[in-house]
Amino acid sequence: MFSYRRPISVEIRGLRFDTGTRRFNANLVSIADNQVISAKAVTGRFDALIEVPVLKRSIRAGEVIKYEDIELRDYAKARARDDTATDMAALIGKTPQRIITAGRPIRLHELQQEAVIKKNDMVKMTFSQGAMEISTTGQAVEDGVQGSVIGVRNLTSKKIVQGTVHDANTVVISGGNETRISSLGAGGIYEN
(Lines give C-alpha, C1' and ligand atoms only; values in the text may rest on other atoms or scores of the structure.)
Protein backbone atom coordinates (compact mmCIF):
# COMPACT_ATOMS: atom_id res chain seq x y z
CA MET A 1 0.00 0.00 0.00
CA PHE A 2 2.88 2.38 0.76
CA SER A 3 5.63 3.27 -1.69
CA TYR A 4 8.17 6.07 -1.45
CA ARG A 5 7.21 6.84 -5.07
CA ARG A 6 3.57 7.12 -4.06
CA PRO A 7 3.43 8.64 -0.55
CA ILE A 8 0.16 8.54 1.31
CA SER A 9 -1.46 10.98 3.68
CA VAL A 10 -4.05 10.33 6.35
CA GLU A 11 -7.05 12.55 7.03
CA ILE A 12 -9.86 12.53 9.54
CA ARG A 13 -13.22 13.18 7.89
CA GLY A 14 -16.75 13.44 9.20
CA LEU A 15 -15.72 14.01 12.81
CA ARG A 16 -18.71 14.10 15.17
CA PHE A 17 -18.55 14.35 18.95
CA ASP A 18 -20.86 14.64 21.92
CA THR A 19 -19.59 16.76 24.81
CA GLY A 20 -22.14 15.23 27.20
CA THR A 21 -20.99 11.63 26.75
CA ARG A 22 -17.46 12.61 25.65
CA ARG A 23 -17.66 10.20 22.70
CA PHE A 24 -16.60 10.76 19.10
CA ASN A 25 -16.75 8.99 15.74
CA ALA A 26 -15.09 9.78 12.42
CA ASN A 27 -13.59 8.22 9.31
CA LEU A 28 -9.83 7.73 9.01
CA VAL A 29 -9.04 8.09 5.31
CA SER A 30 -5.78 7.16 3.53
CA ILE A 31 -5.10 9.17 0.37
CA ALA A 32 -2.48 8.84 -2.39
CA ASP A 33 -2.38 10.85 -5.63
CA ASN A 34 -5.61 12.59 -4.57
CA GLN A 35 -7.42 9.25 -4.49
CA VAL A 36 -8.90 7.53 -1.44
CA ILE A 37 -7.08 4.26 -0.88
CA SER A 38 -8.93 3.17 2.25
CA ALA A 39 -11.37 4.45 4.83
CA LYS A 40 -11.95 3.12 8.30
CA ALA A 41 -14.53 4.15 10.90
CA VAL A 42 -13.05 5.05 14.28
CA THR A 43 -14.83 5.73 17.57
CA GLY A 44 -13.72 6.49 21.08
CA ARG A 45 -13.82 8.74 24.08
CA PHE A 46 -12.17 12.13 24.44
CA ASP A 47 -11.25 14.50 27.23
CA ALA A 48 -11.20 18.26 26.98
CA LEU A 49 -7.73 19.44 28.00
CA ILE A 50 -6.54 22.47 29.89
CA GLU A 51 -2.99 23.70 30.40
CA VAL A 52 -1.90 23.62 34.03
CA PRO A 53 1.40 24.65 35.58
CA VAL A 54 3.31 21.81 37.26
CA LEU A 55 6.65 21.68 39.04
CA LYS A 56 9.69 20.34 37.19
CA ARG A 57 11.09 19.05 40.50
CA SER A 58 9.74 18.31 43.96
CA ILE A 59 9.70 21.36 46.21
CA ARG A 60 9.58 21.25 50.01
CA ALA A 61 7.91 23.57 52.48
CA GLY A 62 9.99 26.71 52.93
CA GLU A 63 11.43 26.63 49.39
CA VAL A 64 10.19 29.44 47.17
CA ILE A 65 8.75 28.48 43.78
CA LYS A 66 10.47 30.33 40.91
CA TYR A 67 9.55 30.71 37.24
CA GLU A 68 12.24 28.22 36.20
CA ASP A 69 10.71 25.56 38.50
CA ILE A 70 7.46 25.48 36.48
CA GLU A 71 6.34 24.05 33.15
CA LEU A 72 2.92 23.83 31.49
CA ARG A 73 1.30 20.47 30.76
CA ASP A 74 -2.02 19.37 29.30
CA TYR A 75 -4.40 17.90 31.85
CA ALA A 76 -7.91 16.46 31.52
CA LYS A 77 -10.37 19.22 32.43
CA ALA A 78 -12.79 16.69 33.95
CA ARG A 79 -10.10 15.61 36.45
CA ALA A 80 -9.18 19.15 37.53
CA ARG A 81 -10.61 20.36 40.84
CA ASP A 82 -12.09 23.78 41.49
CA ASP A 83 -8.94 24.99 43.23
CA THR A 84 -6.42 23.59 40.72
CA ALA A 85 -3.87 26.27 39.81
CA THR A 86 -4.24 27.19 36.13
CA ASP A 87 -2.00 30.26 36.09
CA MET A 88 1.78 30.24 36.59
CA ALA A 89 1.57 33.57 38.41
CA ALA A 90 -0.42 31.87 41.19
CA LEU A 91 2.65 29.73 42.00
CA ILE A 92 5.60 32.10 41.62
CA GLY A 93 6.89 33.44 44.94
CA LYS A 94 4.81 31.00 46.99
CA THR A 95 6.00 28.08 49.10
CA PRO A 96 4.32 24.70 49.63
CA GLN A 97 2.75 23.96 53.01
CA ARG A 98 4.11 20.42 52.54
CA ILE A 99 6.25 18.85 49.82
CA ILE A 100 4.73 19.04 46.33
CA THR A 101 6.01 16.40 43.92
CA ALA A 102 6.95 17.13 40.33
CA GLY A 103 4.64 16.74 37.36
CA ARG A 104 1.24 16.90 39.03
CA PRO A 105 -1.42 19.64 39.14
CA ILE A 106 -1.18 21.87 42.20
CA ARG A 107 -4.14 22.90 44.33
CA LEU A 108 -4.14 26.48 45.58
CA HIS A 109 -4.72 25.43 49.19
CA GLU A 110 -1.34 23.63 49.10
CA LEU A 111 0.47 26.97 48.79
CA GLN A 112 1.23 29.83 51.10
CA GLN A 113 3.21 33.05 50.93
CA GLU A 114 6.92 32.83 51.64
CA ALA A 115 7.68 33.03 55.36
CA VAL A 116 8.66 36.59 56.30
CA ILE A 117 9.69 35.51 59.78
CA LYS A 118 11.80 32.41 60.28
CA LYS A 119 12.12 30.29 63.39
CA ASN A 120 14.58 31.87 65.87
CA ASP A 121 14.38 35.34 64.24
CA MET A 122 14.41 38.24 66.69
CA VAL A 123 11.21 40.26 66.36
CA LYS A 124 9.50 43.24 67.90
CA MET A 125 6.42 42.13 69.89
CA THR A 126 3.73 44.82 70.19
CA PHE A 127 0.52 44.95 72.19
CA SER A 128 -2.06 47.75 71.88
CA GLN A 129 -5.12 48.39 73.99
CA GLY A 130 -6.84 51.73 73.68
CA ALA A 131 -4.22 54.48 73.85
CA MET A 132 -1.65 52.17 75.45
CA GLU A 133 1.01 50.41 73.36
CA ILE A 134 3.72 48.19 74.78
CA SER A 135 6.57 46.60 72.85
CA THR A 136 9.48 44.34 73.65
CA THR A 137 11.84 41.95 71.88
CA GLY A 138 10.95 38.33 71.28
CA GLN A 139 12.18 35.27 69.44
CA ALA A 140 10.00 33.45 66.90
CA VAL A 141 9.51 29.79 67.78
CA GLU A 142 8.22 28.94 64.28
CA ASP A 143 8.15 30.27 60.71
CA GLY A 144 5.39 32.70 59.83
CA VAL A 145 3.89 34.22 56.71
CA GLN A 146 2.33 37.66 56.80
CA GLY A 147 -1.03 37.45 58.56
CA SER A 148 -0.41 34.05 60.16
CA VAL A 149 -0.44 33.39 63.91
CA ILE A 150 2.86 32.16 65.38
CA GLY A 151 4.38 31.56 68.78
CA VAL A 152 6.92 34.10 70.06
CA ARG A 153 9.09 33.74 73.19
CA ASN A 154 9.32 36.86 75.32
CA LEU A 155 13.07 37.16 76.00
CA THR A 156 12.56 38.71 79.44
CA SER A 157 9.84 36.42 80.88
CA LYS A 158 10.74 33.34 78.72
CA LYS A 159 6.98 32.81 78.17
CA ILE A 160 5.61 31.95 74.74
CA VAL A 161 2.67 34.01 73.45
CA GLN A 162 0.70 33.83 70.22
CA GLY A 163 0.77 36.77 67.82
CA THR A 164 -0.05 37.74 64.26
CA VAL A 165 2.83 38.36 61.83
CA HIS A 166 2.56 42.02 60.77
CA ASP A 167 5.77 42.24 58.73
CA ALA A 168 9.30 40.79 58.68
CA ASN A 169 10.14 42.47 62.00
CA THR A 170 6.89 42.75 63.95
CA VAL A 171 4.44 40.36 65.63
CA VAL A 172 1.24 41.86 67.03
CA ILE A 173 0.07 40.22 70.26
CA SER A 174 -3.68 40.16 70.77
CA GLY A 175 -5.34 40.47 74.18
CA GLY A 176 -8.00 37.86 73.46
CA ASN A 177 -6.21 34.84 74.92
CA GLU A 178 -5.72 35.96 78.54
CA THR A 179 -2.55 37.86 77.78
CA ARG A 180 -1.46 40.17 80.61
CA ILE A 181 0.80 43.14 80.35
CA SER A 182 3.41 44.02 82.94
CA SER A 183 5.07 47.40 83.09
CA LEU A 184 7.64 48.07 80.40
CA GLY A 185 10.44 48.05 82.93
CA ALA A 186 9.49 44.63 84.29
CA GLY A 187 9.56 42.59 81.13
CA GLY A 188 7.12 43.81 78.52
CA ILE A 189 4.60 41.28 77.25
CA TYR A 190 4.02 37.97 78.97
CA GLU A 191 1.34 35.31 79.22
CA ASN A 192 -0.49 33.96 82.30
Side-chain angles (χ1 to χ4, degrees), residues 50-73 75 77 79-192:
I50 58 172
E51 269 191 343
V52 296
V54 299
L55 297 176
K56 295 178 182 177
R57 63 182 181 88
S58 296
I59 295 187
R60 299 183 182 283
E63 289 184 76
V64 178
I65 299 171
K66 300 177 187 73
Y67 176 81
E68 54 270 16
D69 295 323
I70 305 168
E71 65 184 355
L72 292 173
R73 287 200 186 161
Y75 190 70
K77 185 177 180 179
R79 293 179 52 207
R81 299 188 178 172
D82 290 341
D83 66 342
T84 297
T86 56
D87 182 13
M88 290 176 75
L91 307 180
I92 296 171
K94 302 278 177 60
T95 183
Q97 292 185 16
R98 294 181 187 83
I99 189 168
I100 297 178
T101 55
R104 71 165 179 84
I106 300 166
R107 299 175 70 187
L108 295 174
H109 80 270
E110 296 179 285
L111 303 171
Q112 62 186 5
Q113 293 292 337
E114 178 184 5
V116 294
I117 292 178
K118 303 281 189 187
K119 183 177 180 179
N120 296 324
D121 281 356
M122 301 309 256
V123 297
K124 176 182 173 183
M125 301 166 60
T126 64
F127 177 87
S128 297
Q129 189 169 38
M132 176 182 66
E133 182 174 307
I134 299 174
S135 63
T136 189
T137 304
Q139 183 178 28
V141 296
E142 58 192 310
D143 291 352
V145 301
Q146 192 164 2
S148 67
V149 176
I150 64 169
V152 182
R153 179 177 290 110
N154 181 319
L155 295 181
T156 305
S157 69
K158 306 299 184 212
K159 300 286 184 180
I160 295 175
V161 294
Q162 299 297 307
T164 303
V165 176
H166 179 69
D167 57 36
N169 302 309
T170 311
V171 175
V172 177
I173 308 302
S174 65
N177 54 4
E178 298 182 4
T179 302
R180 293 187 309 166
I181 309 301
S182 71
S183 68
L184 283 173
I189 302 169
Y190 68 95
E191 184 178 85
N192 277 351

Side chains of [X] and [Y], heavy atoms from C-beta outward: is any pair under 4.5 Å?
| X | Y | value |
| --- | --- | --- |
| K119 | V141 | no |
| V171 | I150 | yes |
| N120 | Q139 | yes |
| K124 | N169 | no |
| Q146 | Q113 | no |

Using side-chain contact (heavy atoms from CB on, under 4.5 Å), reason through V52 and I106 one step at a time and then give a plain yes or no. CA-CA 8 Å; V52 296; I106 300 166; over 6 Å; no

Taking all heavy atoms of [X] and all of [Y], pick out the closest pair and write down the distance.
| X | Y | result |
| --- | --- | --- |
| Q97 | L111 | NE2-O, 3.5 Å |
| A85 | L108 | CB-CD2, 3.8 Å |
| P96 | Q112 | O-NE2, 4.2 Å |
| A80 | I50 | CB-CD1, 3.9 Å |
| P105 | V54 | N-CG1, 3.9 Å |

Under the salt bridge (Lys or Arg N to Asp or Glu O under 4.0 Å) rule, collect the residues that match up with [X], sequence neighbours excluded.
| X | result |
| --- | --- |
| E71 | R73 |
| E110 | R104 |
| D69 | R57 |
| R79 | none |

In short, side chain to side chain donor-acceptor pair (under 3.5 Å) pairs touching residues 82-93 with sequence neighbours left out are D83-R107, D83-H109

Contacts of T170 meeting side chain to side chain donor-acceptor pair (under 3.5 Å) (sequence neighbours excluded), chain-then-number -> D167

Quick one: [atom1] on [X] to [atom2] on [Y], what's the gap to the nearest 0.5 Å?
| X | Y | atom1 | atom2 | value |
| --- | --- | --- | --- | --- |
| M125 | I134 | CE | CD1 | 11.0 Å |
| I65 | I100 | CD1 | CD1 | 5.5 Å |
| I117 | S148 | CD1 | OG | 8.0 Å |
| R153 | K159 | CZ | NZ | 11.5 Å |
| E133 | F127 | CD | CZ | 10.5 Å |
| T137 | L155 | OG1 | CG | 6.5 Å |

When you measure from the side chain of [X] to the backbone of [Y], do you find a donor-acceptor pair of N or O atoms at a distance under 3.5 Å?
| X | Y | answer |
| --- | --- | --- |
| S135 | T126 | no |
| E142 | G151 | yes |
| T95 | E63 | yes |

Exceeds 12 heavy-atom contacts within 6.0 angstrom, atom NZ of K118: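 Yes, NZ of K118 has more than 12 neighbouring heavy atoms, counting only those of other groups under 6.0 Å.
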
